[in-house]
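First the structure, in the form of structure tokens, and then the observations on it.
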Amino acid sequence: MFGPATITAISDNDAAGVATYSLAGAKFGYSILFVLFFVTILLAITQEMGVRIAVVTKKGLGDLIRERYGLRIAVFVFLILLIANMGSIVANFAALKATSHMFNLPTIPFLISIVVLSFFFITKGNYAVNQKIFLIGVLLYFAYIFSALRAKPDWGAAFTNLIIPKDLHFSRDYVFASIAVLGTTITPWGQFFIQSYVNDKKISLKSLKLAQIETYFGAFLTDFFSFFMIVATAATLFIHKIPLVSGETAAMAIRPFAGEFAGTLFGLGLLNAGIMGVIIISLSTAYAFSEFFGYEGSLDSPFDRGKLFYGIFLFQMILAMSIVMLPSVSLFQIVFYTQSLNTILLPIILFFLIRIANLKHVMGEYTNSKIYNFFSIFSVILIISATIFTFVSAFF
Amino acid sequence: MIYFSEILHKSIYTDQNSYLGRLKDLIFVVKDRPYITKMVVGREKEVVYPLSSLKSINGKLIVSSDVQSTHLDENELYISKNLLDQQIIDLAENKVVRVNDVILQNKPEWYLSGIDISFYGILRWFGLEKSIVSIMKLISLAPVPEVLSWVDIQPLELARGRIKLKLEQERLKKLRPEDLADYLELTNTESIKKILNTMDQQSAAMVIKNLNINYQTELFNIFSSEKAASVVSLIEPDDAADILFTLDKQKRLEILSFLSIEDRLELEQLLNFAHTPIGEHITTEFFTAFPNDTIKEVMREIKNKTSNFEHLNYVYVLNQNKQLVGVCNMHELLLNDEDTPLYKFMITNLVAINLTTPEEIAISKMLKYKLYGLPVIDREKHLLGMITLDSITGFLLEHFS
């Protein structure tokens, strides 16, 4: 039973997520923790709808969009998703490149072996094997807890800020950072992935309750780890007023304050997050492609029947890796523009999600209730206005 | 023929030129021949009209002004709602592909002839089919048009909301040759050849033996004479003679020359008995094309394939099921724009004869309608060959002198 929702939620803390949390923690200290509370609820609501739709309809988001909205919209959504996901994979490879420098590993062989190993496990292993590997990945996020403990934070301040934003100085930058935290946690690929992955596990309607509970747990666990990421940088960089230029270098930056070991753990955490991100995001595109265009796409498919599925998975990883290895490419710009695409795509995806969760003839007794709808529409409007705000202000 | 994507959302007017709405969907009966019966027209709300009121499709759809609304009957389904964009699965429930477009035929009546599952089907919705295909052809990467014929789909499953294929390739080989032949006749020669290639010689010959004569002829024309001879030696002489008789003389002699002496003598004897009223006039030297081929493509094919023909006056147009649906003459081919597909201007009320048509009637038809050639078809409207003005000149001379 356990697996899909937790894995999806945790991979929302991919390397880009870790980088965002590190930056936010370093800049705003414990006060940014206040945002986490809301992000957790929003993540739980959107992911729960995805899980429920998947278990009830036995279809992925791609299947439903194609069948309900036709080929033109399906192709349009897929192309944006493909490009946006490519950007996210590039961001994760960039973080992996940074960790390779930190641990003095030769970058090119290191990245290539990640691609080769991922492809090997995804194609050779079935669903069960891969889920075990992903769950090990989830466990490795505990590195952040140890790393935060080593930083000797002010736990009182941390917990108080979670509920009452005592140290909050409301500013434009704070709003930006909050939205960035939201945007890195609730993603279009996350919505696609959770439905596909739940379907791939063939969860029956009887187990829906358990799946829903797992979704809430997954959302909690994700931000539980995020909490420690922020605490680790808040207790070191924020307290000592050390500016952090890029999130990937946080592991190096906290060393002088939290010690060598904490820095190493933080770096290992980033490495793990990067690998999870690369694999899960590539898989989400591959799943989406199979759903949109009707090809066999499952971790249980043998290679010859799932050629397109596995091919798209590999293609994205190789392309992203090559982009990261090119010395003359500005990764910052690629990531910036592709993340803008995510911002455009997210409202569209959430719109489809709510529409489908409200179709009585599709969802039957599992249709969104009035109260739930009020709550979910409110959340979605909040997410959408937040993302539009960032998107618009990015150009001014 | 026409694609569903080409008419969906087209405006609909009555012949009195009053606006009814846009075409939202079409309704078909789930039967062996899935006739299109009704159309859904949407303006403020959706109304169902019988398709019999449709008068013409020419940019917009025109229906007769006395059209009365109707409703959905039992065992009727919607094209857009129940077929388009849906998942196609094979017997083992594996996902195969989705329905990208639906192919409609309007001869003799409107029916659903097949499902487009190719890349073309996707491009068509964006109006990019022509441009991208021509670019891909430039780099010789043209995607294969992939079409599922209606007969490949299980109608019962469709009524249950699933598009399930009847057979998968792996399972085909385990069938008895008679059954396999029946199944293969529902596909086309290309796929028959592909499947035969995967089988051993003996079983392939058994399947060929059980195919109907049109397919046998087509296959033998594709095979090298040596390969054809090896098939002939594996099947009964009378079956072999039936096939050889439909081939042109040169091919027949070539195949015979590869056989052992006993086999050859037996077959030659059998061939002498075989006889039909107009058999001696029939030539298999004809050229065929598909309705959506453009003039440009047809011209190129003519250059490639007909260099050894004595004459070429007509292009015969076949549908997906290899049935004769139209004809174009050379003059029309030259007059029209080179990007025009044949179905836009082909003549569809054909004059044709069959193997049992007496010589005199066939010839008088040619003279009456002033034709240079007459297609010979079988009961299923498959083109067997043609008789040309050339081939009957001997007969005419005899009668006049």
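Per chain, numbering begins at 1; letters A, B, ... match sequence-line order.
The contact between B/Asn100 and chain A is made by backbone and side chain atoms together, counting heavy-atom distances below 4.5 Å. Residue contact with chain A, scored on non-hydrogen atoms closer than 4.5 Å, involves the backbone and the side chain of B/Val97 alike. Heavy atoms closer than 4.5 Å to chain B are found in the side chain of A/Arg305, but not in its backbone.
Pairing each heavy atom of A/Glu67 with each of B/Gln87, the nearest pair is OE2-N, 4.4 Å. For the pair A/Glu291 and B/Arg98, the tightest heavy-atom approach, listed with the atom from each and the gap, is O-NE, 2.7 Å.
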- Query: Which is it for B/Ile122 and A/Phe293 under the side chain to side chain contact (heavy atoms under 4.5 Å, CB included) test, yes or no, and what are the steps along the way?
  - Reply: CA-CA 10 Å; B/Ile122 294 177; A/Phe293 302 106; 3.9 Å; yes
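Between the CD1 atom of B/Ile88 and the OH atom of A/Tyr295 there is a distance of 10.0 Å, given to the nearest 0.5 Å. Remark: B/Leu84 CG to A/Leu71 CG distance equals 7.5 Å, nearest 0.5 Å.
Open room surrounds CD on B/Gln201; 12 or fewer heavy atoms of other groups in view lie less than 6.0 Å from it. Within a 6.0 Å radius of NZ in A/Lys307, no more than 12 heavy atoms belonging to other residues, nucleotides or ligands are found. Within a 6.0 Å sphere centred on CZ of A/Phe315, heavy atoms belonging to other residues, nucleotides or ligands number 12 at most. The environment of NZ in A/Lys132 is sparse: at most 12 heavy-atom neighbours from other residues, nucleotides or ligands sit within 6.0 Å. Within a 6.0 Å sphere centred on NZ of B/Lys164, other residues, nucleotides and ligands contribute more than 12 heavy atoms. The environment of CZ in A/Phe121 is sparse: at most 12 heavy-atom neighbours from other residues, nucleotides or ligands sit within 6.0 Å. The local environment of CZ in A/Phe76 is sparse, with at most 12 non-hydrogen atoms from other residues, nucleotides or ligands closer than 6.0 Å.
Interface check for chain B: of the options A/Arg68, A/Arg66, A/Glu296, the most heavy-atom pairs under 4.5 Å are formed by A/Arg66.
Between A/Arg72 and B/Asp85 there is no salt bridge, since no side-chain nitrogen of the basic residue lies less than 4.0 Å from a carboxylate oxygen of the acidic one.
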